[in-house]
Amino acid sequence: MRASELYAPTLREVPAEAELLSHKLMLRAGLIRKAAGGMYTYLPLAWRVMKKISQIIREEMDAKGGQEIMMPITQPAEIWKESGRWAVYGDEMMRLKDRHGREFCLGPTHEEMVTTLIRGEVNSYKQLPLMLYQIQNKYRDEIRPRFGLMRSREFVMKDLYSFDKDVEGMNISYEKMYDAYSKVFTRCGLKFRAVEADNGAIGGGHSHEFTVLAPSGESSIAYCENCDYAASDEKAELKVITSEVEELKSLEKVKTPDCHTIEMVKNFLNVPIEKTIKAVAFQDDDGKLILAFVRGDHEVNEIKVLNATGALHLHMSEESAINAVGGCAGFMSPIGLKDGAIIVVDATVMEMYNAVAGANEIDAHFINVTPKRDFDAKKIIVADIRMVQEGDPCPHCGESLKMTRGIEVGQVFTLGNKYSKALNVTFLDENGKEKFFEMGCYGIGVGRTMAAAIEQNNDKDGIIWTRAIAPFEIVIAVVNAKDAAQIEYAEKLYNELKNLGVDVLLDDRQERAGVKFKDCDLIGYPLRVTVSPKTLDTNSVEVKVRKSGDIFYYNRAECVEKICHILNEL
RNA sequence: CGGGGUAUGGCUCAGUUUGGUAGAGCACCUGCCUUGGGAGCAGGGGGUCGUAGGUUCAAAUCCUAUUGCUCCGACCA
């Protein structure tokens, strides 16, 4: 490919619409252009990257027995009504009607499609396991598309669906996909973690999110450097922190004028923050008051509160609800409250001795609170309800957890028979018994993977592609393209490399050298070979590694071999 | 859906307060010059100022409505 023929409109200035670094770089480097909110055209460079990522995915899916298919983007409403998700999916689903008024949607996902595909066709356990996948556009009418390809309304996704005869088989398929995903993201040169995730409404099975580590990511994860443990911040389990047993002092009420925050109480009474108990008041959808208590230096994890109480949604409570049970905002504790509230106490709080907690009256706190003694065990729920913090012990090995942010690029989870049951799709097992398929589904955002790679690999000059997914592996920059000698020299080298199967771009544009160098750095080809009057004089070439900035000079005779060698190291 | 911002040439923006007939830089075209880090000189093309109403002798500018985009929040496989 010649740069003079390549459609890659680079920009000097950043369009105002972009905020995220990867988004800015993709626009500036001429990778993408916006068509509408959350919808982008992939220009040649981006599409080359996407094709390379897709190919890696294909190879790894096929290696596990996956078979590629292509299902329609447009799906009939009937199957969604049958599974019950036509109503559940809400505004996020793009809906349309044909000329006869029949309802369709643009597929946000394809469980219904693939499950009904095999309905009546796969009838025997002998045909299992089966893994089908596609790489195709998905549609989700996001409330707020943003960050370019990170959160768009139309996006390219690989989705694979596994069908097994039993849970055991399903778990094997899951493990295969977990392994395949690790290989895919490793080959893409990404630093990532497989993060334990919540299965949410589906429940029961396993779920991992494959998260690329990047400070700009939308999700926050806790991970351990000592073992493999990693979990989303909301999912991260926490062990009880025990404190040294102390001699119990008697409960005492003290005046704490105007001390309605933990910080003020701590300072006023001059106690360490670890000796204080904090209250957070929620109400569920029915208006039921839920009081959550954690140690003063901890934060409440709302998801865990939901799980502990069985509530479906939480919002901050009205003051009147607090007053109704004899509480007092800013000065609350479980001691002496009237019935009517669900009280959830973090397990770590139950291990505290002689602590400070609210007295349920204005400007007063209790001191010497020992929850084991002073809280009414019959009226409280004890559970892990705190949010993980940096330095908390790993639930697997006990080492300190680290916190980081990440971009979710893939997810694997087991579905069980949720969809086969809803859509009534069965087969006959060894005993001639009718059974529902045990399914799993596994997604990778292709565009998001590309964006994440940029987010993780860039510098002030632009993108730094890893070789495996670079739009071109090498660019040959001709300093003066009007000089026939340089062009001729470069073309010869270009052909040699091309014949060896190297993915090479010849920058033969009649631009000044500075423009070419800037573009090369911005687009981020892993290797740049420069042909100039200087190199011509010495019958050599200059090779620059984008990532390290290292520059090498090689004689013409040995340069092809040397270039291939460097390439293999990248 | 709530709150803010914004809309002027392909891009970045000025001009709006105080109405007077549209500007800069970059990009583009032509020529010259130049070729190791987004050069220089000269000439040139391109905008019904988001849209629709209204006020006015006169509207990019003031008023009303509407739409797109964007940020924060809520929400989110």
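The shown structure was predicted, so the numbers you read here are calculated from the model rather than taken from an experiment. Just so it is clear: chains get the letters A, B, ... in the order the sequence lines come, proteins before strands, and each one is counted from 1.
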Checklist entry - Salt bridge check: are Arg58(A) and Glu68(A) linked by an N-O gap of less than 4.0 Å? => result yes

Checklist entry - Using 30° and 60° as the class limits, which term best fits the ring planes of Phe437(A) and Phe163(A): parallel, tilted or perpendicular? => result perpendicular

Pick base, sugar-phosphate or nothing for [X], based on heavy-atom distances below 4.0 Å to the nucleic acid.
| X | value |
| --- | --- |
| Glu408(A) | nothing |
| Thr109(A) | nothing |
| Met157(A) | base |
| Ala477(A) | nothing |
| Thr535(A) | base |
| Arg85(A) | nothing |
| Arg448(A) | base |

Suppose you measure atom [atom1] in [N] against the same atom in [M]; what distance do you get, rounded to whole Å?
| N | M | atom1 | answer |
| --- | --- | --- | --- |
| G23(B) | G31(B) | P | 27 Å |
| G53(B) | C49(B) | P | 13 Å |
| A60(B) | G47(B) | P | 16 Å |
| U6(B) | G50(B) | P | 13 Å |
| G40(B) | U35(B) | C1' | 13 Å |

Check: [N] base within 3.5 Å donor-acceptor of [X] side chain:
| X | N | answer |
| --- | --- | --- |
| Lys460(A) | G37(B) | no |
| Arg28(A) | G38(B) | yes |
| Arg151(A) | C76(B) | yes |
| Arg146(A) | G73(B) | no |
| Glu542(A) | G36(B) | yes |

Pairing nucleotide - [N], Watson-Crick or G-U, each distance under 3.5 Å:
| N | value |
| --- | --- |
| G53(B) | C63(B) |
| A77(B) | none |
| U6(B) | G68(B) |
| A24(B) | U12(B) |

Next on the checklist: Taking the side chain as everything from C-beta on, heavy atoms only, tell me whether Leu27(A) gets closer than 4.5 Å to Val14(A).
Outcome noted: no

Closest approach to the side chain of [X], judged atom by atom: which nucleotide of [options] is it?
| X | options | answer |
| --- | --- | --- |
| Ser532(A) | A77(B), G36(B), C13(B) | G36(B) |
| Pro15(A) | U12(B), U70(B), C72(B) | U12(B) |
| Glu19(A) | C13(B), C72(B), G36(B) | C72(B) |
| Phe517(A) | G36(B), U35(B), A77(B) | G36(B) |
| Lys34(A) | U70(B), G36(B), G37(B) | U70(B) |

Next on the checklist: Test of understanding: with side chain to side chain donor-acceptor pair (under 3.5 Å), list the residues that count as partners of Glu111(A), not counting sequence neighbours.
Outcome noted: Arg85(A), Thr109(A)

Checklist outcome for this item: Output for pair (Tyr489(A) OH, Ser532(A) OG), nearest 0.5 Å, gives 10.0 Å

Checklist entry - Quick one: SG on Cys520(A) to CZ on Arg546(A), what's the gap to the nearest 0.5 Å? => result 10.0 Å

Checklist entry - Please give, in whole Å, the distance from C33(B) P to Arg512(A) CZ? => result 14 Å

Checklist entry - Can you tell me how far P of C1(B) sits from CG of Asp141(A), to the nearest Å? => result 12 Å

Checklist entry - Checking Arg448(A) against Phe155(A): charged group under 6.0 Å from the ring centre and within 45 degrees of the axis? => result no

Item to check | Side-chain H-bond candidate by donor/acceptor type, Asp141(A) with Tyr139(A), under 3.5 Å | outcome: no

Next on the checklist: At less than 4.0 Å, is any side-chain N or O atom of Arg12(A) found next to OP1 or OP2 of G38(B)? Yes or no.
Outcome noted: no

Checklist entry - U12(B) phosphate, OP1 or OP2: any side-chain N/O from Lys24(A) under 4.0 angstrom? => result no

Checklist entry - On RNA chain B, nearest-nucleotide positions of Gly38(A) versus Tyr89(A): which is more 5'? => result Gly38(A)

Next on the checklist: Check for me whether the distance between the ring centres of Phe436(A) and Tyr419(A) falls short of 6.0 Å.
Outcome noted: no

Checklist entry - When you measure from every atom of RNA chain B, which of residues 478-485 of chain A have a heavy atom less than 4.0 Å away? => result Val479(A), Asn480(A), Lys482(A)

For residues 215-223 of chain A, tabulate all N or O donor-acceptor pairs below 3.5 Å that involve a side-chain atom, not counting sequence neighbours.
residue	atom	partner	partner atom	Å
Ser216(A)	OG	Glu455(A)	OE2	2.7
Glu218(A)	OE1	Arg151(A)	NE	3.3
Ser219(A)	OG	Gly406(A)	O	3.1

